[in-house]
Amino acid sequence: MEPSLTEEMGIIFAGILKLSQSMDRKRQFGKTEEERLEYEALCGGYEGDPLMELNIAMYHLANKLELDVWKQYGFDKMPALAERIKKNIDGVISDLPMDFLAEYNTFVENHGWDGEDQLFVSSPRYQDDTILLLARLRQNSGSQVKDPSIRLDQNVKARKRVQELQAERAKSNFLHIGLSKVRHRNEVLDHLMWVRNAPKLRLSRIIGALRKAVLKIQEDLVKEKRLDATGDIFHLDPTEIDAAVKDPTIDLMAVVRPRKAIFERALRATECPMLIDSRCRILKPDPPDSSNLEPGVLLGVAVAPGIATGRVRILRSPTDRFEEGEVLVTTVTSPAWTPLFISASCIVLQVGGVLQHGALCAREYGKPAVSNIDVFNLLENGMLVTVDGNKGTVKIIAENSIV
């Protein structure tokens, strides 16, 4: 039996949040390299994590389709592939594997509520945006993309080895000092830590169901010419939508237009301010001391270990074009971005620390990551860079911006 949302939140706040923070501090600031590596292993590899299970299901679905088929459809040709899949499902044609079509339908039925920025009712889901799903699947295909279930299995074994090692170490102490504490922690890691992503995904399901209802109302309002386009309804709040359904004389676009203009202006922003004062000035911390760095090296914060090299791809949305082996560069990520981590060589973020989604996900997938880099002003698409997630640096090797 699955725990309820209330039980999941209780487990997180009472059982695992303090433990996660403690382990992460030791992962970063342990007294020895050995201690830091041990806690690196303890901070990942949790069986039953629903987010990881979703990503594994997506990877397996993507690889039910031959790589030659994916190669026929570049990023800009996803609509053509969507039409081909639909014709196969409808029985008009039969040129795709039956096991892929069956698993495709199962995936949409089980995970159709997932998509981009799942906690926003305005964000598209796989169940209403086939192109979004196919773009994710394409990023999970290819010989260089590693099976996340294999990575998970490796992480689980590494974590359990460290758990056993630390338990044996505690046993060897006089009077077994600390043994009961280590055993209790190991029980939490084995049986509770998987819950960490569960509440957000549960809420995503609820909001996905709400989105279905809102889209149906929007369809009617667009047909009645009370809204100009799809998406306009998301500039209204629920009480305004309820009132509009009851009163056909309300001029909805008079409300929507000014809000839509503000929203579109915000989308063009290139900075994510952490602090703004009463005069609307953006306050920033002193820049890191880069006096000892060689030219072309940017200093940020190390959030996931490792070193990798690749071409920069700056993204403003998880639906933007992204190719296998590129460096994922953006402001900050959420679970909707997770499928991109599988095919990324490494990650560079503008804001966030070691407990943000992008850092946790990078460590889970074994991808180097650096945060606190002014990505929109210092990096360009196509730059060849080396990301050092151990030192927190991004080295620009070549300025070539051809992508």
Side-chain angles (χ1 to χ4, degrees), residues 44 49-82 84-85 88 96-97 99-118 124-127 129-155 197 201 204 304 308 310-311 313 315 317-330 333-347 357-358 360-367 369:
D49 183 339
L51 181 59
M52 180 58 75
E53 290 177 347
L54 189 158
N55 293 325
I56 289 171
M58 178 170 286
Y59 173 86
H60 289 161
L61 173 58
N63 288 275
K64 287 284 185 181
L65 204 57
E66 293 290 337
L67 185 57
D68 288 343
V69 176
W70 288 115
K71 287 180 177 179
Q72 294 174 36
Y73 298 92
F75 180 83
D76 300 325
K77 294 183 179 179
M78 289 295 102
L81 179 57
R84 182 177 174 184
I85 291 173
N88 273 265
L96 292 176
D99 58 343
F100 167 77
L101 298 173
E103 195 161 330
Y104 180 91
N105 285 331
T106 300
F107 184 91
V108 173
E109 182 179 346
N110 293 338
H111 305 295
W113 47 267
D114 191 29
E116 178 183 348
D117 294 331
Q118 308 97 316
R125 316 283 157 147
Y126 300 144
Q127 62 197 11
D129 191 339
T130 304
I131 308 303
L132 175 62
L133 174 55
L134 292 179
R136 291 287 186 278
L137 292 173
R138 180 174 175 270
Q139 289 156 359
N140 278 265
S141 65
S143 58
Q144 300 302 313
V145 180
K146 296 180 180 179
D147 186 340
S149 64
I150 295 175
R151 177 72 186 179
L152 174 61
D153 184 59
Q154 292 170 341
N155 288 346
N197 289 310
L201 297 189
S204 298
R311 295 278 178 185
R313 176 72 71 174
L315 303 166
S317 162
T319 59
D320 290 346
R321 180 175 191 149
F322 187 75
E323 301 294 339
E324 181 183 334
E326 291 182 327
V327 181
L328 195 167
V329 179
T330 190
T333 67
S334 67
W337 294 73
T338 305
L340 279 69
F341 282 70
I342 297 175
S343 55
S345 59
C346 45
I347 295 89
H357 169 269
L360 294 170
C361 201
R363 294 199 295 273
E364 195 73 28
Y365 284 98
K367 303 298 176 78

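Values below: all heavy atoms of this structure, side chains included; hydrogens, waters and symmetry mates excluded. Numbers here simply count residues along the sequence, with the first being 1.
What you find for Ala362 and Ile347 is that their closest heavy atoms are CB-CD1, 4.2 Å. Closest of all the heavy-atom pairs between Phe107 and Leu54 is CE1-O, 4.1 Å. Considering all non-hydrogen atoms of both residues, Gly44 and Glu364 come closest at CA-OE1, 3.7 Å. A pairwise comparison of heavy atoms in Tyr365 and Met52 identifies OH-SD, 3.9 Å as the closest pair. Scanning both residues, Gln127 and Trp113, for their nearest heavy atoms gives OE1-N, 3.6 Å. Asn140 and Asn63 get closest at one heavy-atom pair: O-ND2, 3.2 Å.
Considering Pro124, Ser334, Ser317 in turn, Ser334 is the only one that fulfils the side chain to side chain contact (heavy atoms under 4.5 Å, CB included) rule with Asp117.
The CD1 atom of Ile150 sits 10.0 Å away from the CD1 atom of Ile56 when rounded to the nearest 0.5 Å. Here the CG atom belonging to Leu96 is positioned 4.0 Å from the CG atom belonging to Asn88, to the nearest 0.5 angstrom. Atom NZ of Lys77 and atom CG of Leu134 lie 15.0 Å apart (nearest 0.5 Å). Rounding to the nearest 0.5 Å places CG of Leu81 at 8.0 Å from CD1 of Ile131. Note that the CD atom of Glu116 and the CG atom of Asp320 stand 8.5 Å from one another [nearest 0.5 Å]. Rounded to the nearest 0.5 angstrom, Glu103 CD and Leu65 CG are separated by 11.0 Å.
Between His60 and Ser149, some side-chain heavy-atom pair lies under the 4.5 Å cut-off. Between Asp114 and Ser204, the closest side-chain pair of non-hydrogen atoms is not below 4.5 Å. The closest side-chain heavy-atom distance from Cys346 to Leu328 is not below 4.5 Å. For the pair Tyr126 and Leu137, the minimum side-chain heavy-atom distance is 4.5 Å or more.
For the pair Arg138 and Glu324, the salt-bridge criterion is not met [side-chain N within less than 4.0 Å of a carboxylate O].
Judged by distance alone, with hydrogens and angles left aside, the side-chain atoms of Arg363 form no donor-acceptor pair with the main-chain N or O of Ala369 at under 3.5 Å. Counting only distance, with no hydrogens or angles, the side chain of Arg136 and the backbone of Pro318 share a donor-acceptor pair below 3.5 Å. Arg125 contributes a side-chain N or O that, together with a main-chain N or O of Gln118, makes up a donor-acceptor pair within less than 3.5 Å. Judged purely by atom type and a 3.5 angstrom limit, Ser141 has no side-chain atom pairing as donor or acceptor with the backbone of Leu67. Side-chain atoms of Asn197 never come within 3.5 Å of backbone atoms of Leu51 as a donor-acceptor pair (strictly under, hydrogens ignored). A side-chain donor-acceptor contact under 3.5 Å links Trp70 to the backbone of Ala62. Although no hydrogens or angles enter the test, the distance criterion places a donor-acceptor pair under 3.5 Å between the side chain of Thr333 and the main chain of Gly358.
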Going through the distances and angles, do Tyr104 and Thr130 end up as a side-chain contact (heavy atoms from CB on, under 4.5 Å)? CA-CA 11 Å; Tyr104 180 91; Thr130 304; 3.1 Å; yes

Full working for side-chain contact (heavy atoms from CB on, under 4.5 Å) between Lys146 and Arg151: CA-CA 8 Å; Lys146 296 180 180 179; Arg151 177 72 186 179; over 6 Å; no

For a side-chain contact (heavy atoms from CB on, under 4.5 Å) check, start with the C-alpha distance between Leu133 and Val108, then their side-chain angles and the critical distance, and finish with the verdict. CA-CA 9 Å; Leu133 174 55; Val108 173; 3.8 Å; yes

Give the C-alpha distance, both sets of side-chain angles, the deciding distance and a yes or no for salt bridge (charged side-chain N to carboxylate O under 4.0 Å, His left out) between Asp76 and Arg321. CA-CA 9 Å; Asp76 300 325; Arg321 180 175 191 149; 3.6 Å; yes

Verdict with reasoning, Phe100 to Ile85, per side-chain contact (heavy atoms from CB on, under 4.5 Å): CA-CA 10 Å; Phe100 167 77; Ile85 291 173; 4.0 Å; yes

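The environment of Glu66 atom CD is sparse: at most 12 non-hydrogen atoms of other residues, nucleotides or ligands sit within 6.0 angstrom.
Taking the salt bridge (charged side-chain N to carboxylate O under 4.0 Å, His left out) definition, one finds that Arg84 meets it with Asp95, sequence neighbours left out.
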Check: residues 335-345 side-chain donor-acceptor pairs under 3.5 Å, at least two apart:
from   : atom 1 : to     : atom 2 : distance (Å)
Thr338 : OG1    : Pro335 : O      : 2.8
Thr338 : OG1    : His357 : NE2    : 3.1
Ser343 : OG     : Gln139 : O      : 3.3
Ser345 : OG     : Gly325 : O      : 3.1
Ser345 : OG     : Glu326 : O      : 3.3

